[in-house]
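Being a predicted model, the structure only gives us computed values, none of them experimental. Each chain gets a letter, A, B and so on, in the order its sequence line appears, and its residues count up from 1.
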Amino acid sequence: MTAGPDDRTPLDRDFFDRPVLQVAPDLLGRVLVRRTPDGPIELRLTEVEAYAGQADPGSHAYRGRTERNAVMFGPPGHAYVYFTYGMWHCLNLVCGPEGHASGVLLRAGEVLDGHEWAYERRPKARNDHELAKGPARLATALGVDRRLDGSDVCGSPDAPLSILTGHPARPEQVLSGPRTGVGGEGATHPWRFWIDGDPSVSPYRAHTPRRRNSTRRQVGT
DNA sequence: CAGTCGATTCACT
DNA sequence: GTGAATCGACTGA
């Protein structure tokens, strides 16, 4: 690895003001810094997914702007954090021009620093590679919740979240495939990107339609 | 206003 | 591989 002098330079907003399919793979190998009162955690991104605005049936922005997804419609370089399954958070980075509502879901990464704090939040992780192996695990390890929704990742160097240049993955290291857990039309596009062979990359799972509510069990034959 | 279900994870068979 | 956990946002009546 050639540790250049610029690898800790924050990415500027122009980096995110590009088509999401360009930004997403380009985020691999970059370093996400999460600063908390406890201390900083640094994460090298190894897996991401692209969500392509209002035209994308798999995106939260598909049915237009709501209170929850408002940040996606705002300027690039901000965090979109949502709460799901009643217990998890997931972290996205908004990209493309304002109003375009595209974003990149940060699905996995390798903890480079701050392991102590990451394990404190993820006591079930059995090794370093499991700390942020999956989008909700990543957000948990980093202590990210809805309070960080809208947070600028291209802002001050003391901000709660920022993205550094890192060592971007070379194109030949990057693989792509269908998005995890996305069903219907949105399942067909290979808009999930990961670093080939990295142990922190999460396993692929097809979309699983939820079972019928048990409070309304089926009656009759 | 009630019903449905989710860009998931974990325990268990 | 299957099912539970758990709650807020969204949908349609």
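- At a cut-off of 3.5 angstrom, counting only N and O atoms as typed in the model, there is a donor on one side and an acceptor on the other between the side-chain of A:His60 and the base of B:dA7.
- Atom-to-atom distance recorded for A:His100:NE2 and A:Gln54:CD is 9.0 Å, nearest 0.5 angstrom.
- Remark: the separation of the P atoms in B:dA2 and C:dT6 is 23 Å, to the nearest Å.
- Atom OH of A:Tyr62 and atom C1' of B:dA7 are 16 Å apart (whole Å).
- Side-chain proximity of A:Lys124 to the nucleotides B:dT9, B:dA11, C:dC7 is greatest for B:dA11.
- The distance between atom CH2 of A:Trp191 and atom P of B:dA7, rounded to the nearest whole Å, is 16 Å.
- Between the OH atom of A:Tyr204 and the C1' atom of B:dT8 there is a distance of 15 Å, rounded to whole Å.
- In the set C:dA9, B:dC10, B:dA7, the nucleotide with an atom closest to the side chain of A:Val182 is B:dA7.
- Taking atom P on both nucleotides, B:dA7 is separated from C:dG1 by 23 Å, rounded to a whole Å.
- In this structure, A:Tyr85 and A:Arg63 both approach DNA chain C, and ranking their closest nucleotides by distance from the 5' end singles out A:Tyr85.
- Between A:Gly186 and A:Asp56, the shortest heavy-atom distance links the atoms CA-OD1, 4.5 Å.
- Contact check, A:Arg107 against B:dA7: no side-chain N or O comes under 4.0 Å of OP1 or OP2.
- Listed pair A:Arg192 / B:dA7 fails the phosphate criterion, with no side-chain N or O lying under 4.0 Å from OP1 or OP2.
- In the model, A:Asp158 has no side-chain atom that pairs as donor or acceptor with a side-chain atom of A:Ser156 under 3.5 Å.
- Pairing partner, B:dA7: none, since no Watson-Crick or wobble contact has both distances short of 3.5 Å.
- Scanning all heavy atoms of the two residues, the minimum distance from A:Ala50 to A:Leu21 falls at CB-CD2, 3.8 Å.
- Aromatic stacking is marked for A:Tyr51 over B:dA7, as both cut-offs hold: 5.5 Å for the centres and 30° for the planes.
- For the OP1/OP2 pair of C:dA9 and a distance below 4.0 Å, the side-chain nitrogens and oxygens of A:Thr66 include no atom meeting the criterion.
- Using a 4.0 Å heavy-atom cutoff across all strands shown, A:Arg179 reaches no nucleic acid atom at all.
- One atom, CZ of A:Arg68, and another, P of B:dC5, lie 15 Å apart when rounded to the nearest Å.
- Nearest to the side chain of A:Met87, among B:dT9, B:dA7, C:dT6, sits C:dT6.
- Rounded to the nearest 0.5 angstrom, A:Thr180 OG1 and A:His207 NE2 are separated by 12.5 Å.
- Side-chain proximity of A:His207 to B:dT8, B:dA7, B:dG6: nearest is B:dG6.
- If you check every strand for non-hydrogen atoms under 4.0 Å, A:Gly58 touches a base.
- Nucleic acid contact class of A:Arg205 (heavy atoms, under 4.0 Å, all strands): base.
- With a cut-off of 3.5 Å on both Watson-Crick or G-U wobble distances, the partner of C:dT6 is given as none.
- A close approach under 4.0 Å does not occur between any side-chain nitrogen or oxygen of A:Arg65 and OP1 or OP2 of C:dA9.
- Taking the six-membered ring where tryptophan is involved, the planes of A:Tyr82 and A:Tyr80 are tilted, since the angle between them lies from 30° to 60°.
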